[in-house]
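Order of the sequence lines sets the chain letters (A, B, ...), proteins ahead of strands, with each chain counted from 1. Computed from a predicted model, the values in this text were never measured in an experiment. FYI, side chains are in, hydrogens and waters are out, and symmetry mates aren't considered; it's all heavy atoms of this structure.
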There are 2 protein chains.
Amino acid sequence: MIKRYAQADHLLVAVDCIIFGFDKNQLKLLLTKRALEPEKGNWSLIGGFVGKQESLDDATTRILHKLTGLKNIYMEEVKAFSEVKRDPVERTLSVAYYALIKMKPNMKLSAEYGAQWVPIDKIPPLIFDHQQMVEAAKKKLKTMAKHQPIGFELLPKKFTIPQLRSLYEAIYEEELDKRNFSRKILAMNLLEKLDEKDKKSSKKGAFLYQFDKKRYIDLVRNGLSFVI
Amino acid sequence: MIKRYAQADHLLVAVDCIIFGFDKNQLKLLLTKRALEPEKGNWSLIGGFVGKQESLDDATTRILHKLTGLKNIYMEEVKAFSEVKRDPVERTLSVAYYALIKMKPNMKLSAEYGAQWVPIDKIPPLIFDHQQMVEAAKKKLKTMAKHQPIGFELLPKKFTIPQLRSLYEAIYEEELDKRNFSRKILAMNLLEKLDEKDKKSSKKGAFLYQFDKKRYIDLVRNGLSFVI
DNA sequence: TCAAAAGTGTTGACCCTACACCCATGG
DNA sequence: CCATGGGTGTAGGGTCAACACTTTTGA
């Protein structure tokens, strides 16, 4: 049995993270300023190299944890970016991952990266092919959000229907009729209505709900297809 | 400006191709028998390593061309497979690509690979994680076929509606009502009806059609959303 | 009392599904 | 002349989009 594949090239492999958050009815991305030349000081996605003993998921989990201190962040591969000259320093293949974060006001980000949340409609020019990565991630987020209940990953555990609708409006970049939206989402029977109200955004207050993951898994087993 | 990223690991990177064909109303995959230990002689996808001066698309194109002699094969990334121990010989990251081929009776495959077409419902056990790759590719093919006019990549230029329907039945693994199917596909105005009939599969003969790509691009511009 | 957001129903249009019979022709 | 696959229309149900007014309450 052979011990190695002879004469094949070895490449640097990286992951770059498109980290979405939702705050003040806005979708945001977590960006950083590049620490080294070339393009030092320019805006960049947060990423890192994949080690010999890590899978891509491992590497992404490590990077996200180091940055945010959080575990169990929802994340998924977007696609690989492999143009030979995409990184001028050295030939690097990078796999883009998107991640969804429940933003909290008291959230502390590792100072090391100097990361900042930037509204999605105000993304500055980014280094290398990171713009394309963001575009691909936005597209993927749209289709995923439509067919899988991932929106909840961007909201606190307890949220209101208007909050959820506003999130979907931000993701889809279009307005949604509030009556149709709440009818549709409630008809799926995935939300548990709580007795509390959230009065932060109106005087009347809006009822809080919780996503019921168990019920979701059950319903999928019985052939529910989530579409919103 | 730095010239290299120091101290980061370099990995072997490969692509593996899930090559779909359609023949005799069956979806098929092009498989090969592995030429080296371990798992020598076992069924495998066709793949190869990515060179320092190639993108993933380049490498896939090269491999597909070497195997089939064809250019402009429709192909698309499925996802990356990166488990550390997925290849027992050496740590290798592999990106799965699916490809769609218009099978022709006189088609000559490079002898080097000893490749064979295998009906999709009779896929033998495959090496490494190639089974997972096939599953992922089948899933991707289903969603792509539903939303993009890629079915035509598996048929000859001229085809009949019953052929097309049978292809979609194979992809979806379910039967489709022939009246509803032809109404739906014809209503999209993407097919050009020819004056010829194909009499291979019936005495009456079925009219041949051609996919009109220009019209498709036009209609998409005007907001058509292909769904079948 | 007013401003601001939450909540709630109905209707018409369209789309999708289900379903059965005749046609053309090679053998 | 008959067996085989090709081709075609309709009706009913369900789903989706459009639409406006009332409620609550903090300021």
Side-chain angles (χ1 to χ4, degrees), chain A residues 22-26 145-147 155-156 158-170 172-210 219 222-228, chain B residues 22-26 145-147 155-156 158-170 172-210 219 222-228:
Chain A
F22 185 66
D23 183 42
K24 304 207 180 66
N25 291 346
Q26 277 192 318
K146 190 163 193 77
H147 300 288
L155 294 176
K158 302 175 181 183
F159 53 85
T160 67
I161 304 284
Q163 259 182 299
L164 184 63
R165 179 166 52 87
S166 143
L167 168 61
Y168 272 92
E169 289 179 336
Y172 292 160
E173 302 178 279
E174 72 182 51
E175 299 208 338
L176 301 173
D177 181 274
K178 64 178 175 171
R179 279 164 292 188
N180 294 338
F181 181 84
S182 71
R183 183 180 329 117
K184 211 165 162 183
I185 194 84
L186 291 173
M188 279 191 269
N189 244 321
L190 296 173
L191 301 188
E192 187 184 349
K193 186 174 187 173
L194 305 175
D195 274 336
E196 301 166 73
K197 280 193 163 189
D198 174 17
K199 298 209 163 188
K200 275 194 285 291
S201 72
S202 83
K203 311 187 168 168
K204 183 178 178 182
F207 278 103
L208 287 162
Y209 289 79
Q210 257 179 214
L219 290 172
N222 298 330
L224 167 88
S225 69
F226 182 94
V227 178
I228 193 84
Chain B
F22 185 66
D23 182 43
K24 303 207 180 67
N25 291 345
Q26 278 191 318
K146 192 164 192 74
H147 301 288
L155 294 176
K158 303 176 181 182
F159 53 85
T160 68
I161 303 285
Q163 259 181 301
L164 184 63
R165 178 166 52 86
S166 144
L167 167 62
Y168 272 91
E169 289 179 336
Y172 292 160
E173 301 179 280
E174 72 181 54
E175 299 208 340
L176 301 173
D177 181 273
K178 65 177 173 172
R179 279 166 293 189
N180 294 337
F181 180 84
S182 71
R183 182 177 332 116
K184 212 165 163 184
I185 195 83
L186 291 174
M188 280 191 268
N189 245 321
L190 297 172
L191 300 187
E192 186 184 350
K193 187 173 186 173
L194 305 176
D195 273 336
E196 300 167 73
K197 281 192 161 188
D198 173 17
K199 298 211 163 187
K200 275 195 282 292
S201 72
S202 84
K203 313 189 166 165
K204 182 176 178 182
F207 278 104
L208 287 162
Y209 289 79
Q210 257 179 213
L219 290 173
N222 297 331
L224 167 90
S225 70
F226 181 95
V227 178
I228 193 85

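Both R179(B) and K197(B) sit near DNA chain C, but only R179(B) has its closest nucleotide nearer the 5' end. Along DNA chain D, the nucleotide nearest K199(A) and the nucleotide nearest R183(A) are compared for position; the residue whose nucleotide lies closer to the 5' end is R183(A).
Proximity of K203(A) to the phosphate of dA6(C): no side-chain N or O atom is located under 4.0 Å from OP1 or OP2.
Rounded to whole Å, atom C1' of dG7(D) lies 16 Å from atom CD1 of I185(B). Between R165(A) atom CZ and dA5(C) atom C1' the separation is 10 Å, expressed in whole Å. The nearest whole Å value for the distance from the CZ atom in F159(A) to the P atom in dA6(C) is 15 Å. Atom CD1 in I228(B) sits roughly 12 Å away from atom C1' in dC16(C) (whole-Å rounding). In this entry the distance linking NZ of K200(B) with P of dT25(C) reads 17 Å, nearest Å. The distance between atom CG of N25(A) and atom P of dA4(C), rounded to the nearest whole Å, is 16 Å. Between the P atom of dT17(C) and the CZ atom of F181(B) lies a distance of 13 Å, rounded to the nearest Å. Note: CZ (F207(B)) to P (dT25(C)) measures 9 Å, nearest angstrom.
Considering only the side chain of S201(B), dG6(D) comes nearest among dA6(C), dG6(D), dA17(D). Side-chain proximity of P162(A) to the nucleotides dG7(C), dG9(C), dG7(D) is greatest for dG7(C).
Contact of the L191(B) side chain with the F159(B) side chain is registered, since non-hydrogen atoms from C-beta on lie closer than 4.5 Å. Using a 4.5 Å heavy-atom threshold, the side chains of L219(A) and M188(A) count as separate. Taking the side chain as every heavy atom from C-beta outward, V227(B) and H147(B) approach each other to under 4.5 Å.
Within 4.0 Å (heavy atoms only), K184(B) reaches no atom of the nucleic acid at all.
You'll find a donor-acceptor pair under 3.5 Å spanning the side chain of K178(B) and the base of dG7(D), going by distance alone. Counting distance only, with no hydrogens placed and no angle test, the side-chain atoms of K204(A) and the base atoms of dT25(D) include no donor-acceptor pair under 3.5 Å.
For the pair E169(A) (side chain) and L176(A) (backbone), a donor-acceptor distance under 3.5 Å is present.
Y209(A) pairs in a side-chain contact (heavy atoms from CB on, under 4.5 Å) with only one of the listed residues (L155(A), T160(A), L186(A)), which is L186(A).
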